[in-house]
Every structure is written in structure tokens, then in C-alpha cells.
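Worksheet: one structure, shown below.
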Protein chains: 2
Amino acid sequence: MSPPSRRTGRPRSVEADRAILGATRAALVELGWGKLTMGDVAARAGVAKTTLYRRWAGKNELVVDAVAAVFDEHLMSADCGSLRADIENVVVRFAELLELPETKTALMAVVAEATQDEALGARVRSAIVDRQKRLVLIGRERAQLRGELPREEDPGAAARNADLIFDVIAGSVVHRLLVSAEPVDAEWAQGFSTLLLQGLAAAAQPGGTTENGGGGPGGQNPAGSV
Amino acid sequence: MSPPSRRTGRPRSVEADRAILGATRAALVELGWGKLTMGDVAARAGVAKTTLYRRWAGKNELVVDAVAAVFDEHLMSADCGSLRADIENVVVRFAELLELPETKTALMAVVAEATQDEALGARVRSAIVDRQKRLVLIGRERAQLRGELPREEDPGAAARNADLIFDVIAGSVVHRLLVSAEPVDAEWAQGFSTLLLQGLAAAAQPGGTTENGGGGPGGQNPAGSV
DNA sequence: ACCTTACGCTACGAGCCGTAGCGTAACTGG
DNA sequence: CCAGTTACGCTACGGCTCGTAGCGTAAGGT
């Protein structure tokens with residue numbers, strides 16, 4: 001199952017892989033998705049254009065892998081002590097990632113292409129999106145252990161809820177940064193986590209929620225669930 | 001200020017405008033953003049390619065206007081009687097719009113291009129995004145009139161809050177549909193509005209929130225604000 | 001040594017881009 | 001009615017990118 005076909009012959013140069021992905025990333029920074037060309041990437045990587053096409057079907061797949069590598073470098077989870085602090089942390093981290101010029105220009109583009117190419121969409125999700133989602137799931141798990149969130153019995157409902165929360169967090173950050181084109185700073189993260197934790201009505205009240213940003217666990221659960 | 005330069009000479013054919021935008025839309029449906037070409041659009045519209053370039057700087061601007069026209073057709077506000085019902089309505093409406101093949105493939109693409117072209121970004125926001133945002137603002141206004149949401153004194157804080165809510169709503173729907181590639185149906189809209197109204201802890205409890213979907217105003221404000 | 005696979009290089013047809021140049025069409029003001 | 005002004009259709013073009021084919025060579029396995 002692993003490599004039944006490649007046990008003989010000249011092996012693929014892993015160094016070329018690194019060079020190509022690095023060149024793709026550099027080209028994204030300098031040129032952006034729109035003006036990035038396969039020939040340019042090959043030249044930067046010191047590699048023949050044909051070698052690119054032997055490994056990737058085209059620009060889309062290549063860029064997905066390059067962006068996924070960036071995500072791998074930067075994404076990690078951290079226990080910040082409370083659900084609120086965890087949310088603000090993941091929001092800011094994700095925003096930092098999206099502020100990088102290479103991801104900024106590439107992520108939306110590959111998602112756009114994926115709307116017309118289901119295989120590409122699956123690749124984007126498995127290589128990029130699912131890795132972010134894991135961070136959200138881990139934070140959720142921690143909050144449940146702390147007692148800040150109730151444990152859910154029905155596994156189906158729990159999964160739907162996790163998906164919902166993930167779409168809300170990731171979608172909000174992406175929309176703020178790339179559509180509204182405004183910064184995701186600590187202040188915005190505070191407002192967002194307040195909204196997410198306490199809902200619309202509570203979020204409209206300026207006082208009382210901005211001070212206890214990193215406060216002790218178990219303090220901010222108005223419904224007192226579980 | 002309005003038309004100081006075009007008072008004389010042959011006027012631009014408004015019919016050509018309609019034909020071009022319609023052809024653009026049709027080409028988006030059939031080919032998608034990636035394979036759409038200016039020459040193809042011109043041929044579909046029965047118009048010379050040069051005419052396209054006389055009116056639009058390129059593919060990006062053309063598609064933005066075409067998508068904006070689709071949004072103009074479909075976006076309208078409706079008072080559904082309660083904040084929850086208004087939220088679910090705007091979510092589903094927006095989702096219907098994003099499910100159209102022409103918007104689905106084009107919206108993310110132009111946003112991606114806009115990350116490297118500030119003028120294009122401004123055009124996207126004024127032609128498309130701000131129109132959606134108005135729907136959210138109107139719904140918020142209605143909720144305040146009903147007493148479901150508190151009136152805010154500080155205009156700056158109110159604006160920040162409105163921006164936040166809009167990014168959360170629009171971003172969540174976009175992410176669900178185009179990144180996670182899963183449907184936005186009535187069930188998802190219910191879960192989302194519950195989360196938005198009552199916050200994380202309350203949304204994790206399956207019972208008690210799904211029944212009062214169209215309930216009377218003033219019922220779901222646990223904090224009892226203002 | 002022999003087989004197998006990867007690599008670099010060159011060259012190529014195809015397609016699209018965006019513009020220039022020209023003659024013609026439509027509308028306006030004297 | 002006649003200039004003046006602007007828009008349109010058409011053709012043609014250089015330039016660029018794509019994706020592939022063909023060839024000789026390099027680097028591993030058996």
C-alpha cells in the first residue's frame with residue numbers, strides 16, 4: 001500500500017521538493033497567485049519545468065502543498081488556561097498566518113478553484129483546513145475538561161456542533177482579514193470571543209467583559225451549564 | 001461632477017452593457033472563473049473584444065460588476081418578527097446566493113485577487129460586501145426597536161460591534177459553504193443563530209433552544225441588559 | 001552489467017492577453 | 001445640415017504562458 005511501485009529506479013530528489021515548494025512560496029510573496037507561473041517557479045527552484053509537471057498536476061495542487069507546508073510550520077496548540085484565552089489565542093494565531101503574503105493571496109484563490117474541482121477541494125481540506133480544525137477541537141476538549149463547556153452525549157450532535165464552531169471561528173477571521181480587509185488585533189479578538197462565549201446581547205455591553213481576558217478558569221459561564 | 005465629459009458624442013450602448021454582464025454571468029456558470037476569458041465573453045455578448053476593454057480594465061473588474069448585478073437582484077431585507085428569525089433568514093438567503101454557480105466560483109476568486117490590488121478590494125466592498133452588510137445593520141436596528149438588543153451609546157463602539165457581527169455572519173456562511181463545502185440548510189441556520197444569540201455554552205445544549213424559533217420578542221436575553 | 005525511474009534540456013502548437021490602427025455609426029451643438 | 005466628438009466593430013499583432021514530446025543523461029536498485 002505504501003510504495004508498491006517505487007522500489008526501483010532513481011528516487012525522487014527530496015531536495016528538489018524542498019526547493020520547489022520554497023520557490024513557490026517566494027513567488028507567491030513577490031508575484032501573488034495571479035501572476036505566479038509554473039515556468040517562473042521552476043526557474044527559481046533551479047529545476048526543469050517538466051519536473052514540476054511530473055509531481056504536480058498544475059498550479060493549484062502545487063500551491064496547495066506550498067501553503068500546507070507554511071501551515072505546518074506555524075500551527076500549534078497551546079493551553080492558555082481558559083476557554084476565552086484559548087479562543088483569543090487561536091484567533092490571533094490564525095490571523096498571523098493569514099497575514100503572511102504567501103497565504104493571504106493563495107488561500108482564497110485555491111478555495112475558489114476548488115469550487116470547480118472536487119478533488120482539489122478534498123486536497124485543500126485534508127492538507128490545510130483539517131489541521132486548523134484540530135486546534136479548535138483540542139481547545140473545545142480542554143474547555144470540557146475544565147467544565148467551561150458541557151460534555152455532549154450524542155456523538156452526531158457533538159460533531160455538528162464542532163463543525164459549526166470551527167466554521168464560525170475560521171470564517172469570521174478570514175472574512176475580517178480578507179474581505180473586510182481590517183486587522184485582527186487583540187481588541188477584535190476580545191470582542192469576538194465575548195460574542196462567541198456570551199452571545200449577541202451580552203456582547204453589546206462594553207463594560208465587564210474586556211477586563212478579565214486571561215482570568216482564571218470557570219469564571220465566565222453565565223448559563224452555569226453542567 | 002456627474003458627467004462633465006460625456007455630454008457629446010455617441011453614447012455608450014446600455015444594451016451592450018447588459019449583454020456583456022449577462023454573458024459574463026453565463027460564462028462563469030459554464031466555465032468557472034479560471035477558464036473564463038475576455039474573448040469568450042465578448043463573443044457571447046456579440047461584442048468586439050475591444051469594447052470590453054474600453055469599459056473594464058480586465059477580468060477582475062468585469063466579474064465584480066457581474067456578480068454585483070446578481071447580488072442586486074437577490075438581496076432584500078424582510079422583517080421576520082424576531083431577531084432569531086431575521087438571522088436565520090439572512091443566513092439562508094445569503095447561502096442561496098452563494099450556491100449559485102456564478103457567484104460561487106467568482107466571489108472567492110475576486111477576493112483573492114483583491115489581496116494584491118487595493119483598488120479592486122475597494123470595488124468589491126462597495127459593490128458587493130457593503131450591500132450585504134446593510135441587511136445585517138437593518139436587522140440589528142429592528143432588533144433594537146423590538147428591545148431584543150440594547151441600544152448602544154458610543155457610536156464608535158456600535159460601529160465596531162456591527163462590523164464584528166457582520167464578519168461573523170457572512171464569514172461563517174462563506175466558510176461553511178465554500179471551504180467546508182457543506183450545505184447551509186435550515187438546521188444549520190438554527191444552530192448558528194442559537195450560537196450567535198446565546199453563546200457557546202448554551203449552544204451545546206440541544207434542548208430548549210430549537211423550539212422557540214419564531215417566538216415572541218424579548219424572550220432570549222439572558223443577561224437582561226438595558 | 002542491466003533495468004528502471006527521474007532529471008535537464010529543447011522545441012513546439014495552442015491559447016489568451018492587451019493594444020494599435022482603421023473605417024464606420026450615433027449623437028450633439030452651432 | 002454640417003462639423004465635432006465619442007463609441008463601436010474588425011483585423012492584426014507581439015508577447016507570454018501552458019502543457020507535452022522527445023532525447024540523452026544521472027542515480028538508484030538486483
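The structure displayed is predicted, hence computed values, not measured ones. Sequence lines set the chain letters: A, B, ... in the order given, protein chains first and strands last, and positions in each chain run from 1.
Arg142(A) places no side-chain N or O within donor-acceptor distance of the main-chain N or O of Leu83(A), the cut-off being under 3.5 Å. Lys133(A) places no side-chain N or O within 3.5 Å of a backbone atom of Phe166(A) that could act as its donor or acceptor partner. For Arg125(A) (side chain) and Asp130(A) (main-chain N/O), no donor-acceptor pair under 3.5 Å exists by modelled atom type. Within the 3.5 Å criterion, the main-chain N or O of Ala181(B) finds no donor-acceptor partner in the side chain of Arg176(B).
Look at Arg10(A) and you won't find any side-chain N or O under 4.0 angstrom from OP1 or OP2 of dT4(C). Within the structure, every side-chain polar atom (N or O) of Thr50(A) is placed at least 4.0 Å from both OP1 and OP2 of dA21(D). Proximity of Thr8(A) to the phosphate of dT30(D): no side-chain N or O atom is located under 4.0 Å from OP1 or OP2.
Protein atom CZ of Arg54(B) is 15 Å distant from nucleotide atom P of dA25(C), rounded to whole Å. Distance, Leu52(B) CG to dA20(C) P: 17 Å, rounded to whole Å. Taking atom CH2 of residue Trp56(B) and atom P of nucleotide dT19(C), one finds them 16 Å apart after rounding to whole Å. Whole-Å rounding puts the Ile20(B) CD1 to dG9(D) C1' distance at 12 Å. Following rounding to the nearest Å, Tyr53(B) (OH) and dC13(D) (P) show an atom-to-atom distance of 19 Å. In this structure, Lys35(A) places its NZ atom 13 Å from C1' of dG18(C), rounding to the nearest Å. We find that CG of Leu62(B) is positioned 11 Å from P of dG18(C), with the value rounded to whole Å.
Below the 3.5 angstrom threshold, one finds no donor paired with an acceptor across the side chain of Lys49(B) and the base of dG9(D). With hydrogens and angles ignored, no donor-acceptor pair under 3.5 angstrom links the side chain of Arg12(A) to the base of dG28(D).
Of the two residues contacting DNA chain C, namely Ala48(A) and Lys59(B), the nearest-nucleotide position lying further toward the 5' end is that of Ala48(A). Comparing Pro11(B) and Leu36(B) against DNA chain C, the residue whose closest nucleotide sits nearer the 5' end is Leu36(B).
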